[in-house]
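This report concerns only the one structure given below.
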Amino acid sequence: MNTQLRFPQLYEPVRKVIPAPDWMLYEDDIDAILRLKRERNAVILAHNYQTPEIFHGVADIVGDSLALARKAVEVEADVIVLAGVHFMAETAKLLNPEKTVLIPDMGAGCSLADSITPEDIALLRQAHPGVPVVTYVNTSAAVKAASDICCTSGNARAVVESLGVPRVLMLPDEYLAKNVAKETDVELIAWHGHCEVHELFTAEDVRELRASWPGVQILAHPECPPDVVAEADFSGSTAVMSDYVGQQKPGRVVLLTECSMSDNVAVDHPDVEFIRPCNLCPHMKRISLSNIREALEQNRHEVTVDPAIIEPARRAVERMLAV
Ligand code: 13P
Ligand code: SF4
């Protein structure tokens, strides 16, 4: 154990993914964040795509979008800091309207959330009368309010099938809808939104990985194009991919998703070799230890939801959580 460090126990598990000199630069912020959490009765919820010093250093609750929404309901704190993107902070606020929800950078958006508006949904409802609208949680609260029920990549098929109808509008991720459509008899009408991180992976990448890394198991997020998912060995949400590595213990694995995911999962599985072609999410990467510290010190940036939409938006999320 490195005795020059102030937090050697925190550093020990991440030493293979964070060089010691880098960690030393983080320690001031970690020290301040741990103190501020106690002083403000705050918790930090961090998505699986947050960098390891956040994910393993200061977060209280970590997970995929579904887990963060589920666990947000159970939080007993005055302040929630969402280390993730804006739609995740909005979802936490919908489920905790009386708590202060902070996001360290208001610019942490999402290409999927930006791809659709409530007006688009109104037009789709006119074009497909009576067809229920399932929206991915990667949407604004206003879009959630205009939909019937939400889903995540971890529960999309179950949500679609829970409605008991032959046809569903599944918005806004075209690839998620097409990937789920392969697993269900429900007809899914898609929108043209894409995740700017996952749309970059190609089936050719999968073939090259297999040729270069014998025996590699290839796991793809369902926001990847359908031909990528078809050629991969397994597909699932970030939490499902992480569980797969824990249960199957592949000798060599590649996670076709955001870059920090492999670092975070590798910490818990030192025997697994992670091959790391990956794409960075510029929105997730706006969050840092220093702006988490500033968020707690200066109570910024507070996430609010328009009172006119809070009830219908919360209903769509709660219907999903009940499935
Ligand atoms: P999940 O963690 O729910 O799989 O979502 C991935 C993602 O891209 C979140 O923005
Ligand atoms: Fe949005 Fe994709 Fe970034 Fe997730 S990884 S926040 S879906 S752009």
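The first residue in the sequence is number 1, and the count goes up from there. All values below were derived from every heavy atom in this structure, side-chain atoms included, with hydrogens, water molecules and symmetry-related copies excluded. Both ligands and their constituent atoms are indexed starting at 1 by order of listing.
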Report the member of [options] with the shortest heavy-atom distance to [atom].
atom	options	answer
atom 3 (Fe) of ligand 2	G193, C281, A113	C281
atom 4 (Fe) of ligand 2	T238, N138, N279	N138
atom 5 (S) of ligand 2	L176, D173, V197	V197

Does a side chain donor of either [X] or [Y] reach within less than 3.5 Å of an acceptor in the other side chain?
X	Y	answer
S260	D263	no
S65	Y136	no
T202	D205	yes

Interfacing atoms of ligand 1 (cut-off 4.0 Å, heavy-atom, [X]):
X	result
M88	9 (C), 10 (O)
S153	1 (P), 3 (O), 4 (O)
D64	1 (P), 2 (O), 3 (O)

Any nitrogen or oxygen of [X], main chain or side chain, under 3.5 Å from a nitrogen or oxygen of ligand 1?
X	value
S237	no
T152	no
E223	yes

Tell me whether the rings of Y11 and W23 are parallel (<30°), tilted (30 to 60°) or perpendicular (>60°).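 Plane angle between 30° and 60°, so tilted.
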For the residue pair H198 and F201, categorise the inter-ring angle as parallel (less than 30°), tilted (30 to 60°) or perpendicular (more than 60°).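 H198 vs F201 ring planes: tilted.
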What pair of heavy atoms forms the shortest contact from P222 to N179, and how long is it?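 Minimum heavy-atom contact is O-ND2, 2.9 Å.
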Mind listing the closest non-hydrogen atom pair of A203 and E231 along with its distance?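 In terms of heavy atoms, the two residues are closest at CB-OE2, 3.7 Å.
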Among all protein heavy atoms, pick the one closest to atom 5 (O) of ligand 1 and tell me residue, atom and distance.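 Among all protein heavy atoms, the one nearest atom 5 (O) of ligand 1 is S65 OG, 3.4 Å.
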Write out the residue and atom name of the closest protein heavy atom to atom 10 (O) of ligand 1, then the distance separating them to 0.1 Å.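 Protein heavy atom at minimum distance: N138 ND2, 3.5 Å.
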Heavy-atom contacts with [X] under 4.0 Å: which atoms of ligand 2 show up? List them by number with element.
X	answer
Y49	5 (S)
S111	8 (S)
L112	7 (S)
C195	2 (Fe), 5 (S), 7 (S), 8 (S)

Could you tell me whether E223 approaches ligand 2 through its side chain, its backbone, both or neither, with non-hydrogen atoms closer than 4.0 Å?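 Side chain only; the backbone of E223 stays clear of ligand 2.
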State if [X] counts as touching ligand 1 under the rule of any non-hydrogen atom under 4.0 Å.
X	result
H221	yes
M241	no
C195	no

Electrostatic pair K71-D60, nearest N-O below 4.0 angstrom: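 No, K71 and D60 are not salt-bridged.
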Salt bridge flag under 4.0 Å for residues R207 and E204: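 Yes, R207 and E204 are salt-bridged.
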Look at the SG atom of C110 and the SG atom of C195, then say if they are under 2.5 Å from each other.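 Taking the criterion (SG atoms under 2.5 Å apart), C195 and C110 fail it, so no.
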Using the side chain to side chain contact (heavy atoms under 4.5 Å, CB included) rule, pick out the option among R300, R286, H301 that qualifies with M106.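 Of R300, R286, H301, side chain to side chain contact (heavy atoms under 4.5 Å, CB included) with M106 is met by H301 alone.
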Under 2.8 Å from atom 1 (Fe) of ligand 2, is there any N, O or S atom belonging to C110?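 An N, O or S atom of C110 is closer than 2.8 Å to atom 1 (Fe) of ligand 2, so yes.
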Indicate yes or no: at least one non-hydrogen side-chain atom of E258 is less than 4.5 angstrom from one of T238.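 Heavy-atom side-chain distance check fails, nothing below 4.5 Å.
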